[in-house]
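The chains referred to below are lettered A, B, ... by the order of the sequence lines, with proteins before strands, and numbering in each begins at 1. No hydrogens, no waters, no symmetry mates; every other heavy atom, side chains included, goes into these values.
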There are 2 protein chains.
Amino acid sequence: MDERRLYWQIVDGIEQSIEAGDYPAGTRLPPERELAEHYQVSRPTIREAIIALEVRQRVEVKTGSGVYVLPSPTPTIAVNAFELTQARALIEGEIAFLAAGRISDKELQQLAETVAAMQDQQYVEAADERFHQIIAAATGNGAMLQSFNNLWALRSSTAEIIDDYQSVCGSDNHQTIAEHSAILTALQQRDPEQARAAMHRHFHRLLNAMLDQSEAKALAELQRRSSEKRSQYSLETLLPEHLD
Amino acid sequence: MDERRLYWQIVDGIEQSIEAGDYPAGTRLPPERELAEHYQVSRPTIREAIIALEVRQRVEVKTGSGVYVLPSPTPTIAVNAFELTQARALIEGEIAFLAAGRISDKELQQLAETVAAMQDQQYVEAADERFHQIIAAATGNGAMLQSFNNLWALRSSTAEIIDDYQSVCGSDNHQTIAEHSAILTALQQRDPEQARAAMHRHFHRLLNAMLDQSEAKALAELQRRSSEKRSQYSLETLLPEHLD
DNA sequence: CTGCGTTTATTGGTTAACAAGTTGACTACA
DNA sequence: TGTAGTCAACTTGTTAACCAATAAACGCAG
């Protein structure tokens with residue numbers, strides 16, 4: 001039951017074909033009519049899909065000649081949750097440092113509200129984002145704010161990162177609240193060094209939690225495989241009658 | 001003589017109408033058939049334009065209901081050259097800190113080459129970019145590298161920033177080389193603190209140069225206006241004969 | 001072998017028609 | 001009078017068939 005419009009399916013299909021290397025960069029896609037036949041849709045639908053790909057800069061349409069695959073523009077640097085957390089620690093540390101000298105009373109008030117919301121278990125996710133966002137905006141530096149937004153967007157860029165973050169952020173809520181409070185206190189005192197240190201501690205704990213959990217996961221996986229092998233090869237399963 | 005495909009003109013037209021406030025966010029666009037008549041094109045062409053807008057996240061299509069205008073997503077945070085330089089100082093400082101502990105001999109070699117190139121006055125611009133890029137990559141942290149790329153892209157995002165950077169970077173080439181050398185030395189010694197400090201000094205000098213020049217520019221502008229006023233109102237111009 | 005005209009393949013765009021979903025008004029019933 | 005169900009009008013979704021414009025491939029003549 002795919003409710004999306006037809007052309008999105010075609011976009012996905014063609015994009016996957018490109019990804020799979022069926023159409024390397026610079027080569028020509030099959031003509032619209034062939035694609036239409038292949039995907040069992042009409043030519044206008046194919047045209048819509050091609051336009052979507054064109055807007056996304058995946059292909060280039062040359063009138064009368066054909067549709068050509070463009071080289072993928074940003075090779076999308078691979079990032080895992082650990083890298084992201086480390087980067088956030090360092091960059092948001094500087095953001096806190098900068099913000100401490102300029103933050104307004106109103107912004108401090110807003111920060112306190114997000115902490116209170118998290119204590120009430122309300123909109124925990126949103127409150128977390130808002131907390132960090134307010135501090136980034138408080139720097140008064142658009143480039144800093146943009147860097148922050150960029151990093152935050154990375155949080156939901158791959159399934160793996162989403163997974164790692166969710167399983168760690170969900171637990172230890174009171175820890176997060178305590179750390180946010182410490183950051184807030186440092187900002188209230190307009191103490192740049194303290195603010196940076198508190199932010200570093202926040203991410204340091206998060207990173208450690210991630211590493212712990214990653215280790216636990218790897219261990220569980222190991223055990224699962226072992227027991228799988230055991231049940232597959234053990235004589236207990238094959239010849240139970242002889243082993244009592 | 002518009003060679004672009006027809007639908008782009010429609011995209012521009014609709015986008016301008018949205019920008020102009022004809023269709024505020026959340027409101028519905030006129031039906032496809034009306035738009036087709038208005039722009040004197042066929043309905044498929046209108047559909048193509050709407051799909052382009054949909055991919056660009058400007059509108060949302062609800063089957064059977066209509067096309068709705070989305071709130072403009074990123075209001076493109078305004079950034080000036082000073083903010084950018086400050087952000088680069090802080091973030092690239094951390095990048096240098098991180099890179100110092102992991103940089104390879106090969107990367108150090110490549111850095112030395114960029115410094116040599118700048119000394120020879122060859123590809124100065126490219127060598128500068130490459131210098132900073134190599135260090136960012138040496139962190140081994142994709143999120144850091146991406147943040148760096150994002151900041152570097154900001155350098156050429158507005159005419160104002162391009163201007164400010166060009167007029168400062170062009171001069172004082174030997175200063176830049178000396179600072180790059182200092183950073184390189186710290187990295188060669190694998191000294192994170194020194195690397196960060198050297199990077200900070202690099203941008204500190206750049207920022208001061210920018211401030212100086214901004215001041216000089218403002219002063220020159222002031223003088224220009226004064227002399228303009230003088231020539232406009234001074235009696236010397238109007239009645240020269242009486243004032244010898 | 002080269003240059004030029006022709007042919008063919010491909011995209012550009014239009015028209016008309018029907019299918020399917022949404023919305024709101026209208027009617028019948030409680 | 002209020003509410004729920006029905007239905008008609010409106011809107012997008014998709015298709016088919018058609019001709020125009022362009023670009024590349026082809027073949028022919030010099």
Practice task
Look at A/Thr45 and D/dT15 and indicate whether a side-chain polar atom (N or O) is within less than 4.0 Å of OP1 or OP2.
Solution key: yes
Problem - Options C/dT10, D/dT11, C/dG13, nucleotide nearest the side-chain atoms of B/Pro31 - result: D/dT11
Problem - Exercise: do B/Glu129 and B/Tyr123 side chains pair donor with acceptor under 3.5 Å - result: no
Handout entry: side-chain N/O B/Thr63 vs C/dT22 OP1/OP2, d < 4.0 Å
Key = no
Problem - Contact under 4.0 Å: A/Ser42 side-chain N or O vs D/dT15 OP1/OP2 - result: yes
Practice task
Round to the nearest Å and state the distance from A/Tyr68 atom OH to D/dA24 atom P.
Solution key: 6 Å
Handout entry: Rounded distance (Å) that lies between atom P of D/dT15 and atom CZ of B/Arg43
Key = 13 Å
Practice task
Could you check which of D/dG13, D/dA16, D/dA24 has an atom nearest any side-chain atom of A/Pro44?
Solution key: D/dA16
Completion exercise
To the nearest angstrom, the CZ-P distance between B/Arg5 and D/dA23 comes to 14 Å
Problem - Donor + acceptor pair across side chains of B/Glu107, B/Ser104 (<3.5 Å) - result: yes
Problem - Donor-acceptor pair between A/Thr63 and B/Arg5 side chains, under 3.5 angstrom - result: no
Exercise for the section: In whole angstrom, give the distance that lies between atom CZ of B/Arg28 and atom P of D/dT12. Expected result: 7 Å
Exercise for the section: Mind calculating the distance between CD (B/Glu48) and P (C/dG12) to the nearest angstrom? Expected result: 8 Å
Problem - B/Tyr165 versus B/Thr85, side-chain donor and acceptor atoms under 3.5 Å - result: yes
Handout entry: Length of the line joining B/Glu32:CD and C/dA16:P, which is rounded to integer Å
Key = 17 Å
Problem - Euclidean distance, atom CZ of residue A/Arg47 to atom C1' of C/dG13 [Å, nearest integer] - result: 7 Å
Practice task
Give a yes or no on whether a salt bridge exists between B/Arg56 and B/Glu15, defined as a side-chain N under 4.0 angstrom from a carboxylate O.
Solution key: yes
Practice task
Among the candidates D/dT14, C/dG12, D/dT12, find the nucleotide nearest to the side-chain atoms of B/Arg33.
Solution key: D/dT12
Completion exercise
B/Lys62 atom NZ is separated from D/dT12 atom P, nearest whole Å, by 13 Å
Problem - Whichever of A/Gln40 and B/Gly64 has its nearest DNA chain D nucleotide further upstream toward 5' - result: B/Gly64
